[in-house]
Amino acid sequence: MSGGNGQTMGGGQEPLLALHGVHKRFGGLHAVNDVSFSVAPGSIKAVIGPNGAGKTTLFNLIAGNLPVSAGTITFRGEEIQGKKTHAIARLGMARTFQNIKLFHGMTALECVMVGRHVRSRSGLFAGLFSLPSTWKEERAIRTRAMELLDFLQIADLAHVEATSLAFGQQRAVEMARALAAEPKLLLLDEPAAGLNIYETAEVARLITTVRDMGITVLLVEHDMSLVMDISDEILVLSFGAKLAEDTPANIQKNTEVINIYLGADDAA
Ligand SMILES: Nc1ncnc2c1ncn2[C@@H]1O[C@H](COP(=O)(O)OP(=O)(O)O)[C@@H](O)[C@H]1O
Ligand SMILES: [Mg+2]
């Protein structure tokens with residue numbers, strides 16, 4: 001494979017995230033098969049592959065939503081496989097989900113504030129119950145959450161119930177919630193799924209802006225023009241295994257990739 005296992009192309013720099021020989025088995029199904037790669041700080045890396053290739057499972061392993069069957073995952077120099085999701089989040093990792101997960105009965109602003117609480121001293125429950133000792137911190141969290149909604153251009157929707165918003169707006173709330181935790185690494189699982197061409201262009205702009213803020217982005221995405229436009233590197237999965245890892249230009253020329261993926265039904 002070009003580029004070598006687990007090494008980035010950026011030269012010398014320590015990777016922010018590195019996977020070595022990661023496996024995940026569900027009974028007899030080998031959903032992730034000996035995957036190694038790394039993500040350079042400040043980069044945008046995309047994971048592509050046909051449905052069922054193991055992309056979401058890979059994200060679940062990285063974020064600690066599922067335990068690995070074998071292998072190591074190193075984030076900011078620390079091995080994180082086996083750690084709980086909240087411990088990994090506190091190290092500086094945030095994610096959005098393929099199926100949007102916003103809380104019923106909460107406004108957009110409240111959803112984003114919940115994302116912020118992973119970093120606050122008093123924690124989620126003290127925050128929700130507004131204990132007097134936490135009021136000052138609460139105000140700071142609210143201010144920051146409003147700034148993020150503004151950044152994502154949905155500040156006018158702050159007080160609307162999040163689950164009643166349009167799909168593209170819910171995705172923006174989810175991204176604001178992830179950013180509220182001030183992550184070093186943001187995992188986005190199909191951020192453009194279900195969005196129209198204009199919303200997709202907006203998501204592309206947001207992702208590159210997030211990267212320009214110094215946040216490293218790892219995304220799974222089916223929209224090939226989005227992936228090719230914004231990614232520094234692309235990892236291709238097929239049946240759980242790494243098929244290729246390269247720049248967008250080289251991935252587009254890789255005949256193996258074209259055969260299993262780009263040439264098939266996803267060409268549009
Ligand atoms: N929790 C689970 N239990 C059993 N099988 C699973 C589970 N999650 C995913 N799988 C299986 O693992 C494979 C990879 O799924 P997934 O990671 O969702 O693929 P992708 O995101 O690339 O479409 C699929 O065959 C899927 O059915
Ligand atoms: Mg998936």
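Remember, it's 1-based here, ligands and their atoms both numbered in the order they're listed. Nothing here was measured: the structure is a model prediction, and the numbers come from that model.
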Is a side-chain donor-acceptor pair under 3.5 Å present for Thr56 with Asp189?
yes
Over 12 non-hydrogen atoms of neighbours within 6.0 angstrom of CZ in Arg211:
yes
Sorted by chain and number, protein N/O/S atoms nearer to the Mg ion (ligand 2) than 2.8 Å are Thr56 OG1, Gln98 OE1
Under-4.0 Å salt bridge between Glu245 and Lys45:
yes
A side-chain contact here means heavy atoms from C-beta on lying under 4.5 Å apart; do Phe37 and His20 qualify?
no
Tell me, which protein residue and heavy-atom name are nearest atom 19 (O) of ligand 1, and how many Å apart are they?
Gly54 N, 3.3 Å
Any heavy-atom pair between the side chains of Val22 and Thr72 that's under 4.5 Å?
no
Spatial distance of atom CZ (Arg171) from atom OG1 (Thr96) [nearest 0.5 Å]
6.5 Å
Atoms of ligand 1 under 4.0 Å from any heavy atom of Ala31, numbered from 1 in the order shown, are 12 (O)
Could you walk me through whether Arg76 and Glu14 pass the salt bridge (charged side-chain N to carboxylate O under 4.0 Å, His left out) check?
CA-CA 9 Å; Arg76 302 181 76 188; Glu14 276 287 296; over 6 Å; no
Return the residue, atom name and 0.1 Å-rounded distance of the protein heavy atom closest to atom 17 (O) of ligand 1.
Thr57 OG1, 2.6 Å
of all protein heavy atoms, closest to atom 23 (O) of ligand 1 is Gly52 N, 2.8 Å
Check: Ala53 N/O within less than 3.5 Å of ligand 1 N/O:
yes
Name the option, out of Val47, Thr56, Asn51, that contains the heavy atom nearest to atom 18 (O) of ligand 1.
Thr56
If you count the atoms of ligand 1 from 1 in the order shown, which ones are under 4.0 Å from a heavy atom of Lys55?
17 (O), 19 (O), 20 (P), 21 (O), 22 (O), 23 (O)
Is the shortest heavy-atom distance from the side chain of Leu185 to the side chain of Ile215 under 4.5 Å?
no
With the threshold set at under 4.0 angstrom, would you say Gly49 reaches ligand 1 through any of its heavy atoms?
no
Verify whether one side chain among Asp34 and Ser36 offers a donor that lies under 3.5 Å from an acceptor in the other.
no
Tell me the protein heavy atom at minimum distance from atom 10 (N) of ligand 1, and give that distance in Å.
Phe26 CE1, 3.5 Å
Starting from atom 26 (C) of ligand 1, what is the nearest protein heavy atom, named by residue and atom, and what distance separates them?
Leu29 CD2, 4.3 Å
Of Lys24, Lys55, Arg95, which meets side chain to side chain contact (heavy atoms under 4.5 Å, CB included) against Asn60?
Arg95
